[in-house]
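Per chain, numbering begins at 1; letters A, B, ... match sequence-line order. The shown structure was predicted, so the numbers you read here are calculated from the model rather than taken from an experiment.
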2 protein chains.
Amino acid sequence: MDVTIKDVARAAGVSASTVSRVLSGNPKISPETQEKVRLVLRNLKYHPHAGARSLVTGSSRTIGLVTSRPGAETFANPFFPEVIRGICSVLEVAGYNLVLSTAQGEANQRKSCLDMLRSRHVDGVILTSSRLGDELIDALVSEGRNFVLIGRPADKAGNLSHPAVYAVNNDNILAAAVATAHLVSGGHRRIAFVTGPQHWVYCYDRLQGYRQGLSQAGLPLDPALVQQGNITQQDGNRAVDRLFSLPEPPTAILAMDDTLALGALEAAQRRGLRVPADLAVAGFNDSPIASWTRPTLTTVRIPVFDLGAMAARMLAGLLDGTHARPHQVILPSEIIIRESTAGN
Amino acid sequence: MDVTIKDVARAAGVSASTVSRVLSGNPKISPETQEKVRLVLRNLKYHPHAGARSLVTGSSRTIGLVTSRPGAETFANPFFPEVIRGICSVLEVAGYNLVLSTAQGEANQRKSCLDMLRSRHVDGVILTSSRLGDELIDALVSEGRNFVLIGRPADKAGNLSHPAVYAVNNDNILAAAVATAHLVSGGHRRIAFVTGPQHWVYCYDRLQGYRQGLSQAGLPLDPALVQQGNITQQDGNRAVDRLFSLPEPPTAILAMDDTLALGALEAAQRRGLRVPADLAVAGFNDSPIASWTRPTLTTVRIPVFDLGAMAARMLAGLLDGTHARPHQVILPSEIIIRESTAGN
DNA sequence: GAACTCATGCCATACGTTTGCACAACCCGT
DNA sequence: ACGGGTTGTGCAAACGTATGGCATGAGTTC
């Protein structure tokens, strides 16, 4: 059997409570006793029982991670491992473990997340993305749970919905507007937008940014130029096919994800279009592939590692009571201009 | 406060033990009582306290994941997210949660892994890779822990070390030998091998496969043609630089990872070499980038998702006592021949 | 109607920890 | 010598759950 705090107490000739206090660094224990207990702790290779501890303290030094992005995207671009790396880099020094939800699908994930909190008693949760009118966020708020969102809490109409929710995000609207402006500055007047499911806030926001970019340039929005699908290469292909069956095809495509941009690039070249001469293409995320395509791909770089690290830092601070700071923080993104839009 | 099993018992007019037995599906409870209790469980939104449960049962329906690969590789290729996807796909239906070790560095990870088992009482562990003479494996074996290795347990000399350890792997030796044979069949006689740190078993194995491939073709092994570094693009660059400062440079390069192959490709082209005419290049892993390079990259495809799923399946079976099957399973890999070796 | 079986559900205990409270020992100033 | 404060340590209760053994009562058999 495992060695318990009582075994240590007996071996050290003190009471269990004393051992517990030594463990928790309680200053009211005399140095000699501390030494004595510490020695025994080491000799007996004592390891605290996290379950028992959480039973009485209510906390488990554990936080949950919900990766509510669609599976295809999750592994197609480096978002997922990068954000985890960022989170771990902070959590390691803060002394928390990370529990992953293994659930797939919206309803399952919502259930799984709430379960981590209610049953497994994780101290808090990080969500890696949000939906318009996200029910999980509603539930977490109404239960008063500690959590940080990577993204932005938005209602069904796309407006900021829970202003008190801790969130870390990049300004997707601005980023898409900047990318659109970049294409405009290349002389483009008919710019298409290829996007994913609009229930994802980040998809929605990037579309808003595109619209904003157009209107700032005084360009009309042609609904036929907005192509929506899932976030796969094949959807990128399809978008190009549809766009080029239009009476007046676009001269530039802004895709809300590199995966889509890749698909668009592929389809364009298969059609014999020269990129960027006949069609400019830009993407989002600066995935490693973006610098290997021919032509290389213009894209918006998102600080994914920092997004994760900041979220973890906020959550850890929140739990330790050391974070009274702003509820929402925006990290800067950066447009990386490469050959696929070198049309100036 | 949370609703406990006693609250349910009181509301249902039964004892706590009865509720517990209903929860665990004990057949000695009459159907009527079961219904009554189930109703109250739902009404009161009861959620079991995992900590308390693990305190008495010793198990936590949780398994740990140790990602002992170097950070650079972890996020450069899709190995990490893919293997997690595979693991989760199985664990979700088996009803386990996944705890990630957040530790970095060998010693920390070893400590963190053992800690998950001893303190957090995870029921088992999956290791995503192994070292020659891996001390973590020794420790796990000597403590009699339940774990599955993705890879192969090897001693300092590279020989199979713990034959009873559950492991799932692809045959890296064979795969590298096949890749080497492919290059040989393209007429190459001077084939270089670019590899990573030899303390990783999979690096070591792929080197063995390369040697084996050479000797099967009756070719000598020239130590100068074996370049070792870390697993980054830059190391791929450097390898080419060194290889082409040799009096007799190679006509083909086999890299043990696509990241290295990418770096090699880049450096070769910067030197004005035509690939594959002047230099053939092949990699490992079939990362998405491999089909976007010019020329596209020949590579060995590893069934990463299946590796994860199989490991999870073995571990879950092991814990439920339903797995008496083989201790070591080998999954097939496949060479994907593309332009970068189209030299026949 | 007694003895016996059997299904059903309760009691008590155990799991390993933390923590409020009590208390013993000591020091200090009077 | 005495009261009043410290300082260090132990006692015991609590956290929420699972489970072996036992009590209860109904049904069965002679």
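Using modelled atom types, no side-chain atom of B/Asp123 and backbone atom of B/Ile63 make a donor-acceptor pair closer than 3.5 Å. Within the 3.5 Å criterion, the main-chain N or O of A/Arg131 finds no donor-acceptor partner in the side chain of A/His199. Using modelled atom types, one side-chain atom of A/Ser60 and one backbone atom of A/His121 make a donor-acceptor pair closer than 3.5 Å.
Look at CD1 on B/Ile5: it is 15 Å from C1' on C/dC11, rounded to the nearest Å. Here C/dT17 presents its P atom at 14 Å from CZ of B/Arg120, a figure rounded to the nearest Å. Rounded to whole Å, the distance from CG on B/Leu23 to C1' on D/dA18 is 11 Å. Atom NE2 of A/His121 is separated from atom C1' of D/dC15 by 10 Å (rounded to the nearest Å). For the pair A/Leu55 CG and D/dG16 P, the computed distance is 7 Å after rounding to whole Å.
Here A/Gln104 contributes atom CD and A/Ser112 contributes atom OG; the two are 10.0 Å apart, rounded to the nearest 0.5 Å.
Between B/Gly124 and B/Leu319, the closest heavy-atom pair is N-CD1, 4.5 Å. Scanning both residues, A/Gly151 and A/Asn169, for their nearest heavy atoms gives O-CB, 3.3 Å. For the pair A/Ala309 and A/Val90, the tightest heavy-atom approach, listed with the atom from each and the gap, is O-CG2, 3.4 Å.
Side chains of B/Leu140 and B/Leu114 form a contact here, defined as non-hydrogen atoms less than 4.5 Å apart.
The residues B/Asp320 and B/Arg61 are annotated as salt-bridged, a charged nitrogen and a carboxylate oxygen being separated by less than 4.0 angstrom. Salt bridge absent: B/Asp138 and B/Arg145 never bring a charged side-chain N and a carboxylate O closer than 4.0 Å. For the pair A/Lys36 and A/Glu32, the salt-bridge criterion is not met [side-chain N within less than 4.0 Å of a carboxylate O].
With the end axes of the helix from C/dG1-D/dC30 to C/dT30-D/dA1 each set by five pairs, the angle from one to the other reads 50° at 10° resolution.
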Name the pairs: protein N/O against N/O of nucleotides 23-27 of chain D, kept only if under 3.5 Å.
none

Shorter than 3.5 Å, N or O on both sides, protein versus nucleotides 23-28 of chain C: list them out with atom names.
none

Between the protein and nucleotides 5-13 of chain D, which nitrogen or oxygen pairs come in under 3.5 angstrom?
| residue | atom | partner | partner atom | Å |
| --- | --- | --- | --- | --- |
| D/dT9 | OP1 | A/Ser30 | OG | 3.2 |
| D/dT9 | OP1 | A/Thr33 | OG1 | 2.3 |
| D/dT9 | OP2 | A/Ser30 | N | 2.8 |
| D/dT9 | OP2 | A/Ser30 | OG | 3.3 |
| D/dT9 | OP2 | A/Thr33 | OG1 | 3.3 |
| D/dG10 | OP2 | A/Ser15 | N | 2.8 |
| D/dG10 | OP2 | A/Ser15 | OG | 3.1 |
| D/dG10 | OP2 | A/Thr18 | OG1 | 2.4 |
| D/dG10 | N7 | A/Arg21 | NH2 | 3.4 |
| D/dG10 | O6 | A/Arg21 | NH2 | 2.4 |
| D/dC11 | N4 | A/Ser17 | OG | 2.9 |

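The shortest distance between the side-chain N/O atoms of B/Arg53 and the OP1/OP2 oxygens of D/dA18 is below 4.0 Å.
Within the structure, every pair that satisfies the salt bridge (charged side-chain N to carboxylate O under 4.0 Å, His left out) test and touches residues 4-24 of chain A, not counting sequence neighbours, is listed here: A/Asp7-A/Arg10. For the ring pair (Phe, Tyr, Trp, His ring centres under 6.0 Å) condition, no pair includes a residue of residues 17-39 of chain A, sequence neighbours left out.
Residues of residues 37-51 of chain A having a heavy atom closer than 4.0 Å to DNA chain D: none are found. Contacts between residues 56-64 of chain B and DNA chain D, defined by a heavy-atom separation under 4.0 Å, are made by B/Val56, B/Thr57.
Among residues two or more places apart in sequence or in another chain, the ring-ring contact (aromatic ring centres under 6.0 Å, His included) test is passed with A/His162 by none. In this structure B/Gln34 satisfies the side-chain hydrogen bond (donor to acceptor under 3.5 Å, both in side chains) test together with B/Arg38, sequence neighbours excluded. Residues meeting the side-chain hydrogen bond (donor to acceptor under 3.5 Å, both in side chains) test with A/Thr33, sequence neighbours left out: A/Ser30. Scanning for side-chain hydrogen bond (donor to acceptor under 3.5 Å, both in side chains) contacts around B/Arg53 gives an empty result, with sequence neighbours left out.
There is a side-chain donor-acceptor pair under 3.5 Å between B/Ser15 and B/Ser17.
Using a 4.0 Å heavy-atom cutoff across all strands shown, B/Thr4 reaches sugar-phosphate atoms only and no base atom.
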